[in-house]
Amino acid sequence: MDQLPFRKPGRFYRGNLHTHSTVSDGELSPEDVVTAYRAQGYDFLALTDHFLPQYHFQITDTRPFRSAQFTTLLGAELHAPQTSAGRLWHIVAVGLPLDFEPTAPDETGPTLAARAAAAGAFVGIAHPAWYTLTLDDGLSLDAAHAVEVFNATAAWDNDRGDSWHFSDMLLANGKRLLAYAADDAHFSIRPDTFVAWVQVRAGELSPEALLDALKSGAFYSSQGPQIDDVDIDDRRVAVRCSPARAVFVSGPDERSQRQLGQAITVCELPIPWIHEVPYIRVTVVDDAGRKAWTNPIWLG
């Protein structure tokens, strides 16, 4: 299926899409953050400092830290009043221009997200479970490309790191959204670094190629496991992966198929209900309980 990234030209590049530095509320300078991720074997990073008046509405310029082996995407975590709970919106925008205009006093979350998308950004609904974003709020974000389905900081901040349920509810309401995992790293005392990332399939390690691949869904997300291939036909799903103790194929409701075992690297799961659902997704779980997820795979 042309949605799947595994057989597209190019290779996978590992990156984090949600990160903070001393430009906003992070503990390390932009240069030190980039250095830390590069040292951990990442290929790219998006520094998404909070785009707020107290931080001078600044897009952190990481272009000086690019090289032939490592690149950066310009971005920010955008905020506007107000969600239905009266809180500030949290919207990750990766691929913003440095001259992106400050948030207007009367700008809403949906209009801010639309302005970011119009400026060329990949727009993510950041950690919705962390601040209990409502389904109606999510449905109002017409410009969003994806849901942040796992956030490492939220997992240790208030035990709300997983937002797959929120994503599935949006999908059930007709939203064709992608799904990504991220650290939301601040380099604080909590383990919020090098925990979750995206593997983006692109023809080259350039900001333009990575951004195009993100928008097209040519990526999967991981906390450690590797997904090598997913093959789908009208009766089954076949998965190749790094050694796993479980492989799941989940539908939009309770229907699923799974294989449990030790060191699973190849499995073929019959999906008798594949013609009855609009999408499926694949989850791989390793012995440490770490997961990798495909994007929702639309069947029609």
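Note: hydrogens, waters and symmetry copies are ignored here, and every other heavy atom, side chains too, is used. Keep in mind that what you see is a predicted model, and the values were worked out from it rather than measured.
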task = Fit a plane to each ring of Tyr279 and Trp298, take the angle between them on a 0 to 90° scale, and name the class: parallel (under 30°), tilted (30 to 60°) or perpendicular (over 60°).
result = tilted
message = Looking only at the aromatic ring of each residue, does the gap between the centers of Tyr37 and Phe194 stay below 6.0 angstrom?
response = yes
Ion pair check, Lys175 and Asp168, cut-off under 4.0 Å = no
query = Short question: side chain of Glu77, backbone of Ile91 - any donor-acceptor pair under 3.5 Å?
reply = no
inquiry  = Please verify the inter-ring angle class for His50 with His20; under 30° counts as parallel, over 60° as perpendicular, anything in between as tilted.
reply    = parallel
message = Using a 6.0 Å distance limit plus a 45 degree cone around the ring axis, check whether Arg87 lies over the aromatic ring of Tyr131.
response = no
note = Which of Val33, Asp32, Val34, Leu28 passes side-chain contact (heavy atoms from CB on, under 4.5 Å) with Ser21? Answer is Val33
ask   = Does the distance from a Lys or Arg side-chain N to an Asp or Glu carboxylate O, for Asp231 and Arg7, drop under 4.0 Å?
value = yes
ask   = How are the rings of Phe100 and Phe51 set relative to one another: parallel (under 30°), tilted (30 to 60°) or perpendicular (over 60°)?
value = tilted
query = Taking the side chain as C-beta and beyond, is there a heavy-atom pair between Tyr220 and Asn295 under 4.5 Å?
reply = no
task = Indicate whether the side chain of Asp183 and that of Thr193 have a donor and an acceptor atom separated by less than 3.5 Å.
result = no
inquiry  = Looking only at side-chain N and O atoms, does Asn16 offer a donor or acceptor that is under 3.5 Å from a partner on Thr19?
reply    = yes
key: Test item: Thr132 side-chain N/O and Ala129 main-chain N/O as donor-acceptor pair under 3.5 Å   = no
